[in-house]
Amino acid sequence: MFRNTLTFTIAIGLIYNSALARELKEFDNNVNYDESKVPHYDLPDPLTTAEGTAVTNAKQWRNIRRPQILSLFANFIYGTVPTPPDPIQQSYQIIKEDKSFLDNKATKLDISIRFKNRKGTAQTHIIVFIPNQIEKPAPAFMMMSFDNPRGSSFQLSNSRKGHLRNGVPLVKLIDNGYGYISVYHGDLIGHNEVSFGKGIHKLFFRDGQSFPKAHEWGVLGANAWTGMRALDYLETNDRIDAKRIAIMGHSKMGKATLWAAAQDERFALAISAQSGCGGAALWRRKFGETMLKLNRFPHWLCINARKFNEREDDLPVDQHMLLSLIAPRPVYVASGTADTWADPHGEFQSAKHAGPVYRLLGKKPLSTTKIPSPNQPLLNGDIGYHLRTGGHSVAPYDWEQFIRFANNHLKK
Ligand code: GCU
């Protein structure tokens, strides 16, 4: 009896799932997955200043509008990085070096980045793979990652040749002339931090302060900051070309990726893999995850962001403006058909509405205004996009497109 019920439940579950062609999430009740229920919305215009003046040239964008938008994202969404009360000393140490990784094709480095001021210390561990056969410093993919560098994720897989155990196609990257850097999310900040006493934040607290202010950085802000500090390290490594770094990340790390690339113009290219709500997806569509749902992680965004729970229309920005901040540098947005929690259409719309800023700066926006069919990547512009069939992951198909897009821009 129990068995029959179970079989029946599984069968119904499968039918339900395939009918909706979407992955189930923990917050599936009270979530809109119906395109016809997306409300009417008006997006804020990246090319109109806060004072209402039209931005008509690159200089106005750079000197007036870009700083305004950056400040809005910092103060209302991800939080500002405060000036520390005492300068932070940053140092690097090679923990391990393996010059014959991947059949001698690559060098693998374990690097510790250490931070210190009178408020305390913190450290993060990054992994760096460098192609051995290079004539000049190599461009590289910097992955903002969930994988702990101290575990087995960065060993070679036994079952998938040329791949790391975490699924990264290392041999493809190395054979295409790229280095690969993995930046761990969990050293300087907890995944769902609620106290802020242990990681990087304490080095930034004013005397007497023990918690970020409402407009100051939380978790994603610290993740983005970690990526920027890893880039500082790369600038000291003469076998990597720090001017040709593609920063990338999936999901929560895709959100951190876009915020890092928006703030730090040293990143040459940015790739968002299914970053969804708080990443590439438009807030105002309220499709899949929303501000309220995202804020169930109370400090991924800054405290000010909570004021926009169920009030997305009041936001002074939307996420197409985050992509605009990356202009004129190339940006790629990847979605999955079944990854509806991340709102693939909202991710595409963001990429589309960043177009006018790219065009103003003489760059090539998306070549279409309609979301492409699954597995028809848009690779030719400075904004790239694909909708892959399938769910929430970084699949081999995604990697292929990321490498093709990077080849168009970082190999010139
Ligand atoms: C949750 C969260 C998403 C996030 C995802 C992930 O689903 O709601 O915003 O992107 O976790 O990081 O995998």
Side-chain angles (χ1 to χ4, degrees), residues 17 20 22-33 73 77-79 143-148 153 166-168 182-194 217-224 226-227 247-262 270-302 305-306 308-310 312 315 318-319 322-323 332-351 387-388 390-395 398:
N17 253 330
L20 291 174
R22 67 174 170 82
E23 290 176 322
L24 297 179
K25 287 282 170 180
E26 68 272 34
F27 269 90
D28 256 6
N29 44 10
N30 204 11
V31 177
N32 180 38
Y33 289 120
F73 274 104
I77 306 283
Y78 304 105
M143 181 136 178
M144 307 291 285
S145 173
F146 294 105
D147 299 324
N148 192 326
S153 303
N166 63 5
V168 170
S182 187
V183 176
Y184 182 47
H185 77 121
D187 282 337
L188 298 182
I189 189 77
H191 179 56
N192 194 6
E193 187 57 86
V194 289
W217 56 339
V219 175
L220 292 175
N223 293 145
T226 311
I247 183 170
M248 65 175 287
H250 179 242
S251 203
K252 177 190 179 195
M253 288 300 105
K255 310 179 208 296
T257 289
L258 293 175
W259 180 226
I271 298 169
S272 146
Q274 305 177 325
S275 58
C277 184
L282 291 179
W283 297 110
R284 281 169 173 76
R285 280 173 44 85
K286 300 175 205 165
F287 185 104
E289 189 170 23
T290 58
M291 180 66 92
L292 179 67
K293 307 281 187 209
L294 184 63
N295 281 330
R296 76 191 185 281
F297 306 107
H299 300 292
W300 280 17
L301 303 176
C302 69
R306 293 183 206 165
F308 301 97
N309 284 349
E310 300 189 303
E312 283 88 346
L315 277 164
D318 213 316
Q319 295 303 98
L322 183 65
L323 300 183
Y332 195 88
V333 175
S335 309
T337 51
D339 186 26
T340 47
W341 180 243
D343 187 11
H345 276 267
E347 295 182 315
F348 174 77
Q349 290 299 327
S350 245
L387 174 65
R388 165 178 56 73
H392 197 62
S393 66
V394 183
D398 299 318

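Worth knowing before you read on, the calculation uses all heavy atoms, side chains too, and leaves out hydrogens, waters and symmetry mates. All residue numbers refer to positions in the sequence shown, counting from 1. One-based numbering, in listed order, for ligands and for the atoms of each.
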Task: Donor-acceptor side-chain pairing of His185 and Asn223 below 3.5 angstrom - done: no
TODO: Taking the six-membered ring for Trp and the full ring for Phe, Tyr or His, determine whether the centres of His299 and Trp217 are under 6.0 Å apart.
DONE: no
Task: Sub-4.0 Å heavy-atom approach of His392 to ligand 1 - done: yes
TODO: Please could you name the atoms of ligand 1 that Leu294 approaches to less than 4.0 Å, counting only its heavy atoms?
DONE: 9 (O)
- [ ] Could you tell me whether Glu23 approaches ligand 1 through its side chain, its backbone, both or neither, with non-hydrogen atoms closer than 4.0 Å?
- [x] neither
Task: Lys/Arg N to Asp/Glu carboxylate O, Arg285 vs Glu347, below 4.0 Å - done: no
Open item on the list: Judged on heavy-atom distance to atom 3 (C) of ligand 1, which of Glu289, Lys252, His191 sits nearest?
Closed with: Glu289
- [ ] May I ask whether Lys255 places a heavy atom under 4.0 Å from ligand 1?
- [x] yes
TODO: State whether the shortest distance between N or O atoms of Arg296 and N or O atoms of ligand 1 falls below 3.5 angstrom.
DONE: yes
Task: Close approach of Met253 to ligand 1, heavy atoms, under 4.0 angstrom - done: no
Open item on the list: Restricting to non-hydrogen atoms, name the atom on Val394 and the atom on Ala273 that form the minimum distance, rounded to 0.1 Å.
Closed with: CG2-CB, 4.3 Å
TODO: Report yes or no: do Trp341 and Glu23 form a side-chain donor-acceptor pair below 3.5 Å?
DONE: no
Task: Contact summary for Met253 and Met144, nearest pair of heavy atoms - done: CB-O, 3.3 Å
Open item on the list: Would Trp300 count as being in polar contact with ligand 1, using the rule that some N or O on each side must be under 3.5 angstrom apart?
Closed with: no
